[in-house]
**Student:** 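Can you keep this structure in mind? I'll have questions shortly.
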Amino acid sequence: MPPEHQRINGIDFDYCLKPSLLLSGDFVDALAINEELSLFYLADVSGHGTSSALVTVLLKNMTHRLLRNYRRNSSFDILSPSDTLHRINKELLLTSLGKHLTMFVGLIDHTKNTLRYAVGGHHPMPILQQGGELRYLEGRGMPLGLFEAPAFDECELGLENDFTLTLFSDGILEVLAGDSLLDKEHQLLQLCRDNMGSPAAFLQSMMPAERVHPDDVAIMTVRRESL
């Protein structure tokens with residue numbers, strides 16, 4: 001796992017992860033491609049335990065290999081979130097591990113002040129807070145590791161000087177009370193409005209440490225605050 005707090009190109013990346021077993025199938029990472037571009041992602045591998053955790057190790061190897069390939073000018077897939085998803089999907093199918101995953105990949109362009117992102121079957125969508133507004137990002141896509149030619153939306157939006165993007169694995173929905181998915185999504189939006197502290201504090205306020213949770217839970221914040 002990466003450090004729980006990283007500052008990359010002026011952006012703060014923080015996360016917390018609570019596995020349902022000893023090992024987790026949730027994974028997050030953030031890395032500088034260069035001084036102008038920063039990549040981050042949150043992935044949720046199907047299942048729990050050792051076999052799912054193994055896929056997260058492979059996932060980190062794949063993304064860092066894409067970065068090395070870019071720096072050697074042999075591949076530029078990492079410059080496109082959707083191309084990154086297609087590459088990971090292809091390599092995951094080649095492993096024949098019988099595992100699939102959902103994934104959200106974001107690419108921040110610090111020169112243009114934009115966020116480009118692609119969605120690989122991930123739910124719930126990240127929540128963006130900026131300019132006094134709070135909303136779920138839009139976009140659709142198919143899980144990775146199931147289809148030879150999946151489709152992924154690639155979207156782009158402008159970023160303000162101050163913003164917070166909060167990403168969740170779907171285990172957060174198991175923690176929330178509610179009779180329907182819509183109720184839980186509304187509750188999650190309200191919780192983000194009321195509490196924009198660290199991911200660990202956010203999760204603790206929702207779920208006491210002694211509480212048993214049936215699924216891995218990961219929360220990641222991507223935040224920039226002007227001085």
Side-chain angles (χ1 to χ4, degrees), residues 2-15 27-43 59-60 62-90 102-142 144 150-169 189 192-193 196 198-199 218-227:
E4 292 185 358
H5 171 77
Q6 297 186 84
R7 187 170 178 83
I8 301 173
N9 290 332
I11 305 288
D12 291 307
F13 297 87
D14 297 270
Y15 79 91
F27 192 75
V28 303
D29 205 0
L31 49 101
I33 297 176
N34 51 41
E35 293 182 353
E36 298 178 354
L37 299 171
S38 301
L39 183 85
F40 64 94
Y41 62 87
L42 188 151
L59 178 61
K60 183 165 187 173
M62 292 175 194
T63 53
H64 283 253
R65 180 152 37 87
L66 287 177
L67 179 60
R68 292 193 299 272
N69 290 344
Y70 164 75
R71 290 175 174 171
R72 290 197 298 255
N73 293 319
S74 63
S75 167
F76 300 96
D77 289 339
I78 202 168
L79 299 181
S80 164
S82 59
D83 287 349
T84 298
L85 290 180
H86 279 292
R87 183 67 174 268
I88 293 171
N89 178 74
K90 180 179 180 180
T102 66
M103 192 170 179
F104 177 93
V105 179
L107 181 69
I108 297 176
D109 186 318
H110 301 277
T111 302
K112 297 179 180 178
N113 213 14
T114 58
L115 168 67
R116 274 196 296 150
Y117 64 90
V119 186
H122 192 76
H123 188 82
M125 287 293 288
I127 295 175
L128 176 66
Q129 181 175 7
Q130 67 174 2
E133 296 183 352
L134 195 73
R135 65 178 179 90
Y136 284 102
L137 296 186
E138 299 178 349
R140 301 177 63 184
M142 302 164 70
L144 285 68
F152 309 115
D153 287 346
E154 182 164 303
C155 307
E156 183 171 335
L157 56 87
L159 296 173
E160 299 189 4
N161 289 333
D162 293 67
F163 73 88
T164 300
L165 184 68
T166 309
L167 296 77
F168 307 91
S169 64
L189 199 66
C192 283
R193 188 185 308 276
M196 297 309 296
S198 70
I219 303 175
M220 181 183 194
T221 58
V222 181
R223 179 178 296 161
R224 181 172 62 200
E225 296 177 337
S226 58
L227 298 178

**Student:** So D12 and T221, side chain to side chain contact (heavy atoms under 4.5 Å, CB included) or not? Walk me through it.
**Tutor:** CA-CA 8 Å; D12 291 307; T221 58; over 6 Å; no
**Student:** Okay, side chain of T111, backbone of E36: is any donor-acceptor separation there less than 3.5 Å?
**Tutor:** no
**Student:** Any side-chain heavy-atom pair from Y15 and I219 closer than 4.5 angstrom?
**Tutor:** no
**Student:** Less than 4.0 Å between a side-chain N and a carboxylate O, is that true for D153 and R140?
**Tutor:** no
**Student:** Between S38 and N9, is any side-chain donor less than 3.5 angstrom from a side-chain acceptor?
**Tutor:** yes
**Student:** Please determine whether ring-ring contact (aromatic ring centres under 6.0 Å, His included) holds for the pair F152 and H86, giving the CA-CA distance in whole Å, both sets of side-chain angles, and the decisive distance to 0.1 Å.
**Tutor:** CA-CA 8 Å; F152 309 115; H86 279 292; 4.7 Å; yes
**Student:** Of all heavy-atom pairs between P124 and Y136, which one has the smallest distance, and what is that distance?
**Tutor:** CB-CE2, 4.4 Å
**Student:** Heavy atoms only: give me the nearest T63-I88 pair and the separation to one decimal.
**Tutor:** CG2-CD1, 4.0 Å
**Student:** Apply the side-chain hydrogen bond (donor to acceptor under 3.5 Å, both in side chains) test between T164 and each candidate in R224, R223, E225; give the one that qualifies.
**Tutor:** R223
**Student:** Measure from the side-chain N and O atoms of S169 to the backbone N and O of A218, and report whether any donor-acceptor pair falls under 3.5 Å.
**Tutor:** yes
**Student:** Mind listing the closest non-hydrogen atom pair of L165 and L137 along with its distance?
**Tutor:** CD1-CD1, 3.8 Å
**Student:** Measuring from atom CE of M142 to atom CG of N89, what distance do you get when rounded to the nearest 0.5 angstrom?
**Tutor:** 8.5 Å
**Student:** Please check if the side chain of H64 supplies one atom and the backbone of L31 the other of a donor-acceptor pair under 3.5 Å.
**Tutor:** no
**Student:** Applying side chain to side chain contact (heavy atoms under 4.5 Å, CB included), run through D29 and L39 and close with a yes or a no.
**Tutor:** CA-CA 8 Å; D29 205 0; L39 183 85; over 6 Å; no
**Student:** Around atom CD of E160, are there more than 12 heavy atoms from other residues, nucleotides or ligands closer than 6.0 Å?
**Tutor:** yes
**Student:** Tell me every residue that passes side chain to side chain donor-acceptor pair (under 3.5 Å) with E154, counting only those two or more places apart in sequence or in another chain.
**Tutor:** S80, S82, R116
**Student:** Are S74 and R68 side-chain neighbours, meaning at least one heavy-atom pair lies under 4.5 Å?
**Tutor:** no
**Student:** Write down the atom of G10, the atom of R7, and the distance for their closest heavy-atom approach.
**Tutor:** O-NH2, 3.6 Å
**Student:** For a quick test of reading the model, state the closest non-hydrogen atom pair linking L144 to G120 and the distance between them.
**Tutor:** CD1-CA, 3.8 Å
**Student:** Within the side chain of E138, is there an N or O that forms a donor-acceptor pair under 3.5 Å with the backbone of M125?
**Tutor:** no
**Student:** Counting C-beta onward and ignoring hydrogens, is there a side-chain heavy-atom pair between M220 and D14 closer than 4.5 Å?
**Tutor:** no
**Student:** As a quick check of understanding, evaluate side chain to side chain contact (heavy atoms under 4.5 Å, CB included) for R135 and I127, giving each step before the final call.
**Tutor:** CA-CA 5 Å; R135 65 178 179 90; I127 295 175; over 6 Å; no
**Student:** Do the side chains of M103 and L59 get nearer than 4.5 Å, heavy atoms only?
**Tutor:** yes
**Student:** Let me confirm one number: the CZ-CG distance from R72 to L67, rounded to the nearest 0.5 Å.
**Tutor:** 10.0 Å
**Student:** Keeping N113 on the side-chain end and L159 on the backbone end, is there a donor-acceptor pair under 3.5 Å?
**Tutor:** yes
**Student:** Would you say H122 and L42 make side-chain contact, with heavy atoms under 4.5 Å?
**Tutor:** yes
**Student:** May I ask you to test the F27-K60 pair for a side-chain heavy-atom distance under 4.5 Å?
**Tutor:** yes
**Student:** A side-chain contact here means heavy atoms from C-beta on lying under 4.5 Å apart; do L134 and L128 qualify?
**Tutor:** no
**Student:** If you count the non-hydrogen atoms of other residues, nucleotides and ligands that lie under 6.0 Å from NZ in K90, is the total more than 12?
**Tutor:** no
**Student:** Under the side chain to side chain contact (heavy atoms under 4.5 Å, CB included) rule, what do L107 and L37 come out as? Steps first, then yes or no, please.
**Tutor:** CA-CA 7 Å; L107 181 69; L37 299 171; 4.2 Å; yes
**Student:** I78 and T84: which non-hydrogen atoms are nearest, and at how many Å?
**Tutor:** CA-OG1, 3.5 Å
**Student:** Which of parallel (below 30°), tilted (30 to 60°) and perpendicular (above 60°) describes Y70 and F76?
**Tutor:** perpendicular
**Student:** Once rounded to the nearest 0.5 Å, what's the spacing between atom NE2 of H110 and atom CD1 of I11?
**Tutor:** 5.5 Å
**Student:** With a 6.0 Å cut-off on ring centres, are F104 and Y117 close enough?
**Tutor:** yes
**Student:** When rounded to the nearest 0.5 angstrom, what distance separates CZ in R193 from CG in L189?
**Tutor:** 5.5 Å
**Student:** Taking the side chain as C-beta and beyond, is there a heavy-atom pair between F163 and Q129 under 4.5 Å?
**Tutor:** no
